[in-house]
Visitor: 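I have a structure I would like to understand better, so I am pasting it below and will then ask my questions one at a time.
Order of the sequence lines fixes the chain letters, A, B, ..., with proteins taken first and strands second; residue numbering starts at 1 for each chain.
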2 protein chains.
Amino acid sequence: MKKQVEDKKAALLQASLKLFTENGFHGTSTAHISKEAGVATGTLFNYFPTKEDLINALYFDIKGKLSRSLAKDIQNQSTLHDKFWKIWYDLIEWGLNNQEDFHFVDQFCSSPYISDYTREVVMGEYSFYHDLVKDGIATGEFGDYSEGMVASIFYQSSRTIVDLILYSEPQDKNKAIEDGFAIIWKGLTEK
Amino acid sequence: MKKQVEDKKAALLQASLKLFTENGFHGTSTAHISKEAGVATGTLFNYFPTKEDLINALYFDIKGKLSRSLAKDIQNQSTLHDKFWKIWYDLIEWGLNNQEDFHFVDQFCSSPYISDYTREVVMGEYSFYHDLVKDGIATGEFGDYSEGMVASIFYQSSRTIVDLILYSEPQDKNKAIEDGFAIIWKGLTEK
DNA sequence: CCATTTATTGACTGATTAGTCATTTCGATC
DNA sequence: GATCGAAATGACTAATCAGTCAATAAATGG
């Protein structure tokens, strides 16, 4: 009866994702999650002993999926420019195609209910990104900006573009992605 | 007895700000707010008929204070570069010196409990900023980037720098502010 | 100092909360 | 089809929730 187990666990995660992003952590009751997932209130606690375990599992799953999707095929890109362009494009496409995941990360990335342990494990999955940033600084391509500066500006700007496309100008999607990258890449690399 | 009134109202707003940013909207009970403010539970509802009125008042006050602080003396700056530099610097200094306000805006800028009316009124206070962006585009200084693109990238990047200084490298504060501006300004203006 | 208004109080309410647990249902194996 | 362990259930609990309101206190004006 493995199949059933996965079904209900996945349904609970999906319901939580929807309700947490809509109403926040405290704004979502476990009863509501159970109902949305189509299971009894007690069943939720068979899979996730506490409400916090649920939000940690979501954070772990979503950030993990994203990191694997970003890391894939990166080594096939020859130049640093192409690698960062691929990450930029994939980040934004992921945000646009997985809006619930995107908004969940936005809302809960600094939530006190995500444990330090979850955060550390997830952080480790992004070392490939930080290594790329370090490379760019070591080769002089990124001037003398600090690693944190480059990593944060690049990542946060990609999220800005997703919001921009979602809420302001969905018609110019590709131009917005390209313009955004042009701005940030120019800023980071031009002397 | 006007004095007393202002005292308690201000105390309630201050307590709400602290608790909302720490524990979220639903994570903060009205009883907890009253206690923190040093008033009875009933008193809270004399000033703010509902919990949502409280968060709307906070949003209105904080964003209003910020807009007035940013708009001040902008016309004394002669070039577009200097105007944007002043806004950049003031935004970041405001974030660093008013961390609770900063995190409140971060957390609740897209909260469903902030009414459309509050949002509209507040938005109107930032027209000076959007006019500056329009100027830069009209004069060709910002290339052919869209207004939304320039306004969002600039504003969000300033917030990124605040986070960076607060959580990564507080020692290099001024370099971080200057480097961040250099990156964004180069990206926006260089052809 | 009285009268009237206005601000403050906290016990109270009905609804809702996260989490429990005794019971029932299910699915596999013989 | 009998047996057994795991999975699912929902009524239940003690705590907490936003908001009310009748009673009290304080301030104001005459």
Visitor: Looking at A:K65 and A:D101, is any side-chain nitrogen of the basic one under 4.0 Å from a carboxylate oxygen of the acidic one?
Guide: yes
Visitor: In whole angstroms, how far is the P atom of C:dT17 from the CD1 atom of A:I33?
Guide: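 After rounding, the gap between these two atoms is 11 Å.
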Visitor: Using a heavy-atom cut-off of under 4.0 Å over every strand shown, decide if A:T28 touches base, sugar-phosphate, or nothing.
Guide: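 A:T28: backbone/sugar contact only, no base atoms under 4.0 Å.
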Visitor: Looking only at the side chain of B:N46 (C-beta and beyond, no hydrogens), which of the listed nucleotides D:dT9, C:dG19, C:dT8 gets closest?
Guide: C:dT8
Visitor: I need the NZ-P distance between A:K8 and C:dT25, as an integer number of Å.
Guide: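 Taking atom P of C:dT25 as the reference, NZ of A:K8 is at 15 Å.
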Visitor: Nearest whole Å is fine: how far is C:dG10 P from B:L44 CG?
Guide: 14 Å
Visitor: Under a 4.0 Å threshold between the charged nitrogen and the carboxylate oxygen, would B:E125 count as salt-bridged to B:R68?
Guide: yes
Visitor: What's the NZ-P distance between A:K51 and C:dG19, to the nearest Å?
Guide: 8 Å
Visitor: Closest to the A:T41 side chain: D:dA8, C:dG19, D:dT9?
Guide: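 So the nucleotide nearest the side chain must be C:dG19.
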Visitor: Rounded off to whole Å, could you give me the CG-to-P distance for the A:L12 and D:dA7 pair?
Guide: 14 Å
Visitor: Of the nucleotides D:dG19, D:dA8, C:dT9, which one has an atom closest to the side chain of B:V39?
Guide: C:dT9
Visitor: Any idea which of C:dG10, C:dA18, D:dA8 is nearest the A:F45 side chain?
Guide: C:dA18
Visitor: Is the distance from OP1 or OP2 of C:dT8 to the nearest side-chain N or O of B:Y47 less than 4.0 Å?
Guide: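 Yes.
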Visitor: For B:F25 and B:Y113, take the angle between the two ring planes, folded into 0 to 90°, and tell me which bin it lands in: parallel under 30, tilted 30 to 60, perpendicular over 60.
Guide: parallel
Visitor: Both A:A40 and B:P49 contact DNA chain D. Taking the nearest nucleotide for each, which residue is further toward the 5' end?
Guide: A:A40
Visitor: Calculate the interatomic distance between A:H26 atom NE2 and D:dC17 atom P; express it in whole Å.
Guide: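 Whole-Å distance recorded here is 10 Å.
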Visitor: Rounded to whole Å, how long is the line connecting atom NZ of B:K35 with atom P of C:dG10?
Guide: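 One finds 12 Å between P of C:dG10 and NZ of B:K35, rounded.
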Visitor: So is A:K51 actually on top of A:F20's ring, under 6.0 Å and inside 45° of the axis?
Guide: no
Visitor: I need the B:Y126 OH to B:L132 CG distance, nearest 0.5 Å.
Guide: 14.0 Å
Visitor: Give the rounded distance in Å between these two atoms: NZ of A:K9 and P of D:dA7.
Guide: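 Distance check: A:K9 NZ to D:dA7 P gives 11 Å.
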Visitor: Under 4.0 Å: is that the gap between some side-chain N or O of B:S29 and OP1 or OP2 of D:dT16?
Guide: no
Visitor: Any side-chain N or O of A:T30 under 4.0 Å from OP1/OP2 of C:dA18?
Guide: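 Result: yes.
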